[in-house]
Structure formats: structure tokens, C-alpha cells
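Written below as C-alpha cells is the structure these notes are about.
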2 protein chains.
Amino acid sequence: MDYKIKSRIWIESENNVLLGEGRVQLLKAINETGSLSKAAKSIHISYKKAWGLLDSINKSAKKPVTINSIGGKGGGGAELTDYGKALILAFDDINKNCWKFLDKQLEKIENL
Amino acid sequence: MDYKIKSRIWIESENNVLLGEGRVQLLKAINETGSLSKAAKSIHISYKKAWGLLDSINKSAKKPVTINSIGGKGGGGAELTDYGKALILAFDDINKNCWKFLDKQLEKIENL
DNA sequence: ATTCGTTATATATATACAAACATAACGAAA
DNA sequence: TTTCGTTATGTTTGTATATATATAACGAAT
């Protein structure tokens with residue numbers, strides 16, 4: 001019966017999206033699987049979409065977020081840089097703080 | 001060169017959306033024009049979409065947000081209730097506070 | 001009664017986006 | 001030099017959403 005408040009946050013650089021919830025989810029999956037194609041499967045999006053997202057992330061970021069390799073042992077792979085790992089931690093932290101903040105603000109509407 | 005943080009917030013009641021930025025924009029336009037059809041035109045959405053949004057708002061809200069009348073002088077119209085007016089003020093307030101909050105949080109990413 | 005602009009609603013068309021499919025390039029290892 | 005699973009990319013297909021169009025119901029004013 002009560003209202004709930006929800007939010008989505010994202011980070012841009014020069015009109016390009018750097019990070020959002022979906023992109024962070026993808027980066028986490030890359031970190032766990034070591035490969036972009038496996039990561040895409042694990043979060044149920046097409047490889048093409050995953051590739052586009054990762055390409056956009058790396059083009060928007062100040063420093064590389066992943067290192068991708070083609071061919072070789074295992075066919076290649078993708079892994080997060082230290083900067084990439086730090087980014088997802090910071091994003092999650094900000095997101096959680098935002099939820100807490102908004103839950104408090106919601107009282108303004110519930111008291112109307 | 002710097003990152004920017006953006007957000008969208010919305011309020012739900014029992015899995016139905018009550019308010020979001022688009023819905024608030026529509027309510028403001030209704031308040032200014034006194035009619036749903038004029039409001040739709042003024043914010044460049046189809047009447048059907050506007051009607052669906054307003055219907056959803058009134059179904060989700062605890063109290064009526066608008067009073068709609070069919071026929072009569074001028075063909076009818078729609079106007080906000082006091083509750084509706086209070087809602088859009090509260091929403092805008094929360095939204096602005098959220099922006100300020102997030103701008104501070106962004107430093108966590110800029111310092112990486 | 002007729003007129004008028006509105007709310008309310010259904011149906012068909014168009015558009016944007018996601019998924020599916022196909023294929024080339026790659027490079028270490030066998 | 002052949003194999004392998006991957007990254008990288010284009011093209012086609014499908015689906016969900018928005019738009020466009022059409023029409024009925026309404027009720028105060030003339």
C-alpha cells in the first residue's frame with residue numbers, strides 16, 4: 001500500500017555513457033568469466049550487444065577498463081584492469097548510497 | 001573532460017508506476033492548459049500516450065491526481081487536484097536534492 | 001435539437017531497438 | 001599448417017513501443 005521510490009544512475013563523459021547498471025553488470029560478468037562471450041551468455045544478452053557496450057565503455061573512459069585479446073590460448077579473452085575494478089566498486093557504492101538517500105526523501109510524499 | 005553523473009527517479013505503488021519525470025511533465029502541462037489533449041500537444045506526445053499515462057497515474061495514486069470532465073462547456077477538460085499539485089512539487093524537490101547528492105558522490109569516481 | 005471540443009477507446013501503421021545469424025580475423029599450441 | 005574459441009563486424013529477422021487514424025460518448029451552450 002505504500003509508495004516505493006526507485007532510481008537509475010549513470011555516468012557520462014562528453015555525452016557518451018560510461019557506466020550504468022547494465023554496463024556494470026557486464027563488467028562484473030567479464031571479471032568472473034574472463035571472456036566477453038561467456039559474460040554475455042551469463043547475463044542473457046547477445047554477444048553483439050555486449051561488445052557494443054564494452055566498446056562504448058572503453059571509448060568513454062579516461063583509462064582502459066578492460067584488456068581484450070584476440071586469438072592465442074583459449075581463443076582470446078577479456079579481463080578488467082585495476083581501474084575497471086575500482087570503477088565498479090565506486091559505482092555500486094554510489095548507487096547504494098543513492099537508494100538510502102531517496103528512501104528518506106520519500107517521506108515527503110508519503111506525508112502528503 | 002570530466003565525468004558527469006545523471007539519474008532518473010520514479011515512484012511506484014504495488015508495481016505500478018505513479019510518477020516519473022515524463023508523468024510530472026505531463027501533469028504540469030495539464031495544469032497550464034486545463035486539458036489533456038492540449039497538454040499532450042504542448043509536450044509533443046500523442047493523445048493516446050498521454051491518456052494512458054494519466055490513467056495509470058490516477059489508478060496508482062492513493063487519492064485522485066486530476067479531475068477529468070467529458071462534454072459541456074469547452075468540450076470538457078482536466079485539472080489537477082490539490083494532491084496532484086503537491087505531488088509534482090514534492091517530486092521536483094526530491095529530484096533536485098538527488099542531483100545535488102549525486103554530484104558530491106561523483107568525486108569518488110573522479111579521484112580514481 | 002444542433003454544435004462544439006473534449007475525454008475515452010480500438011485498430012492499424014510505422015519506428016526503434018534487440019536478438020539471431022553469419023562470417024572474417026586473430027594467434028598460441030599441437 | 002591446422003585447429004580452436006575468441007574478438008570483431010555486418011546483415012537480417014523479430015518484437016516491443018510509439019504514432020497515426022478513426023470513432024463513440026458526453027454535456028453545457030446556443
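Computation of the quantities below employed the complete heavy-atom set of this structure, encompassing side-chain atoms and omitting hydrogens, waters and symmetry-equivalent molecules. Everything numeric here is computed off the predicted structure, so don't read it as measured data. The sequence lines fix the lettering, A, B, ..., with proteins before strands; numbering per chain opens at 1.
- Place A:Gly76 and A:Asp55 on DNA chain D by their nearest nucleotides, and A:Gly76 ends up nearer the 5' end.
- The side-chain tip of B:Lys62 does not point at the ring of B:Tyr83 from less than 6.0 angstrom away and within 45° of straight on.
- The distance between atom NZ of B:Lys41 and atom P of C:dG5, rounded to the nearest whole Å, is 11 Å.
- Of the candidates D:dT9, D:dA18, C:dA8, the closest approach to any side-chain atom of B:Asn68 belongs to C:dA8.
- Contact annotation: A:Trp51 side-chain N/O to D:dA8 OP1/OP2 distance is under 4.0 Å.
- If you take CD1 of A:Ile67 and P of C:dG27, they are 16 Å apart, rounded to a whole angstrom.
- Spacing between atom CG of B:Leu53 and atom P of C:dT7 amounts to 14 Å, rounded to whole angstrom units.
- Minimum heavy-atom separation, A:Ala90 to B:Lys108: CB-O, 4.4 Å.
- Judged by atom type and distance alone, A:Lys48 reaches the base of D:dT11 through a side-chain donor-acceptor pair under 3.5 Å.
- In this structure, CG on A:Leu80 lies 10.0 Å from CD1 on A:Ile67, to the nearest 0.5 angstrom.
- For B:Lys49, taking side-chain heavy atoms from C-beta onward, the closest of the listed nucleotides D:dT7, C:dA8, D:dT19 is D:dT19.
- Across the protein-nucleic acid pair, A:Glu79 atom CD and D:dT7 atom C1' stand 14 Å apart, rounded to whole Å.
- Distance from the side chain of B:Lys73 is smallest for D:dA28 among the nucleotides D:dT7, C:dT7, D:dA28.
- Considering only the side chain of B:Ile70, C:dT6 comes nearest among D:dA29, D:dT7, C:dT6.
- Here B:Lys59 pairs with B:Asp55 in a salt bridge; the nearest charged N to carboxylate O distance falls below 4.0 Å.
- Ranking C:dT9, D:dA8, C:dA19 by closeness to the A:Tyr47 side chain, first place goes to D:dA8.
- Residue A:Ser37 places none of its side-chain N or O atoms closer than 4.0 Å to OP1 or OP2 of D:dG5.
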